Amino acid sequence: MADTTGADVTGAADGREGRVAADLMQRIERRDATVGVIGLGYVGLPLAVAFAKAGMPVIGVDADAGRASLIGRGQSPIEDVPSDDLAPLVRTGRLTVAGSVGALGPADAIIICVPTPLGKSKEPDISHIVAAADEVAKILRPGQLVVLESTTYPGTTEEVLLPRFAASGLNVGEQFFLAFSPERIDPGNRTYGLADIPKVVGGLTPACRGLACALYSQIVERVVPVSTPQAAEMVKLFENIFRSVNIALVNELAIMCRRLGLSVWEIIDAAATKPFGFMPFYPGPGVGGHCLPSDPYYLSWRARMMGYEARFIAFADEINGGMPAYTVQLAADALNDQGKPLKGSRILALGVAYKPGVGDVRDSPAVEIIDALLLRGARVDYADPHVPALTVGNRRLEAVPWAAADLASYDLVAVLTAHRQFDPVRLCREARLVIDTRNLTGPVGVQPHVIRL
Ligand SMILES: NC(=O)c1ccc[n+]([C@@H]2O[C@H](COP(=O)([O-])OP(=O)(O)OC[C@H]3O[C@@H](n4cnc5c(N)ncnc54)[C@H](O)[C@@H]3O)[C@@H](O)[C@H]2O)c1
């Protein structure tokens with residue numbers, strides 16, 4: 001693939017130390033450097049597969065024994081990685097799987113892709129990063145490059161990882177190399193895959209950056225070097241905050257359009273015809289997944305430590321966080337107009353994953369909405385081709401197959417995630433009353449029994 005790295009290892013010290021970087025660079029460019037990936041989730045597994053497909057030996061590590069064993073048998077738990085792609089890599093030994101970081105001794109490059117959730121008070125929980133870094137510190141040897149990919153606050157790589165690795169007595173930029181490169185993949189996106197999304201890279205030293213850029217150049221079309229790991233950490237947070245704030249803006253627009261008797265979808269589509277200065281975002285029942293509800297708080301927490309209170313982040317979260325309750329109220333009002341209370345009404349939730357094309361229900365607003373409907377006495381089923389079973393509060397629900405669902409038997413069908421399997425024509429024809437929070441039914445046109453957000 002094209003080398004757009006501007007990569008060099010000139011920042012390495014002369015002599016023996018410079019040779020360490022040069023040797024690693026050669027191994028990366030020859031693609032015989034072994035890549036270790038810690039955390040084989042939505043981020044780590046596609047990455048491990050991409051390096052293995054590029055011809056590099058890969059060792060994947062996951063602390064979840066069940067997941068490690070599944071992947072080690074060539075079975076993928078992730079929609080974006082077909083088992084048909086994974087299995088041959090495992091069978092030929094190109095990709096091996098281990099249960100502990102101890103197996104990464106032979107790895108030339110180690111990439112950390114562990115979760116970064118929030119704690120109870122919405123403070124960053126970097127305990128998975130710390131655990132992974134502590135494990136890497138035990139096996140760190142001269143000639144290794146370590147890259148953190150987990151989304152985190154600016155300063156993590158330098159303040160949390162570097163001291164742990166430097167305690168080994170090895171010098172960063174000379175004997176070992178350290179960088180941050182945020183993951184920007186969009187699970188379920190069929191237009192932009194891992195190779196098409198430019199990779200932002202910030203290294204502790206020029207040598208660190210050059211080596212990390214060279215590594216990613218093996219699997220992506222374009223690498224974007226930035227000055228420091230902090231800058232790269234901030235880029236990722238800015239991208240997600242940009243989305244969170246714009247989604248909040250359009251959610252608020254949807255609320256105002258309803259009061260004005262306007263269709264927010266029509267307004268957005270018309271505004272999006274402006275060829276410059278506008279980018280469409282769409283409203284919905286709330287934001288979910290591992291990123292949008294959490295990542296912005298990594299920055300506001302960090303800013304607060306520096307004496308600054310971030311306002312856009314908090315306000316966007318307030319509006320986006322209010323959308324599930326707004327959706328429940330829409331459902332209650334729609335039923336009320338038909339003389340029915342929520343209590344006892346039969347409701348089918350269409351889609352519970354946080355976005356189309358994936359089975360990820362982490363922080364999905366659908367779960368909050370179903371929980372609220374159940375608490376108010378509604379009898380709720382759900383259909384989602386990607387989520388066979390769902391736990392809501394202390395209840396376990398099993399998916400109703402979309403194809404076999406008797407839509408007319410429900411008092412209300414609520415579209416919460418617009419999976420492509422859901423046919424809007426059939427939905428409008430068979431359902432008696434629909435709340436559509438995703439404009440799934442837009443192409444069918446205005447229908448008296450369909451209420452769009
Ligand atoms: N999911 C996304 O769409 C996405 C996109 C961009 C960035 N990110 C970021 O990437 C990071 C990873 O997210 P994810 O969605 O892949 O998470 P995930 O939960 O799908 O996967 C993380 C994996 O790491 C494993 N793990 C945790 N601690 C470990 C340890 N000490 N050693 C070995 N394995 C360990 C877990 O068992 C899990 O399988 C997060 O920081 C996230 O914010 C996620």
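Counting convention: from 1, in listed order, for ligands and their atoms alike. A quick note: this is a predicted structure, and the numbers were derived from the prediction, not measured.
Below 3.5 Å of separation, one finds no N or O of Y354 facing any N or O of ligand 1. At a 3.5 angstrom cut-off on N or O pairs, R362 counts as close to ligand 1. Considering backbone and side-chain atoms alike, A63 places an N or O below 3.5 Å from some N or O of ligand 1.
With ligand atoms numbered from 1 in the order given, ligand 1 contributes 40 (C), 41 (O), 43 (O) to contacts under 4.0 Å with heavy atoms of T116. Counting atoms of ligand 1 from 1 in the listed order, those under 4.0 Å from a heavy atom of I38 are 32 (N), 33 (C). Atoms of ligand 1 found under 4.0 Å from any heavy atom of H290 (numbered from 1 in listed order, with element): 13 (O), 15 (O), 40 (C), 42 (C), 43 (O).
Using a 4.0 Å heavy-atom cutoff, K236 is listed among the residues neighbouring ligand 1.
If you check each of D64, D62, I197 against atom 36 (C) of ligand 1, the one with the closest non-hydrogen atom is D62.
Pairing each heavy atom of Q144 with each of L104, the nearest pair is NE2-O, 3.5 Å.
The aromatic rings of W265 and Y282 lie parallel to each other, their planes meeting at an angle below 30°, with 60° marking the opposite boundary. The aromatic rings of F176 and F165 sit perpendicular to each other, their planes meeting at more than 60°, with 30° as the lower class boundary. The aromatic rings of F242 and F281 stand perpendicular to each other, their planes meeting at an angle above 60°, with 30° marking the opposite boundary.
Here the protein heavy atom with the shortest distance to atom 24 (O) of ligand 1 is G39 CA, 3.3 Å.
Judged by distance alone, the side chains of Y297 and D317 do bring a donor and an acceptor atom under 3.5 Å apart.
With sequence neighbours left out, the ring pair (Phe, Tyr, Trp, His ring centres under 6.0 Å) criterion links F315 to no other residue.
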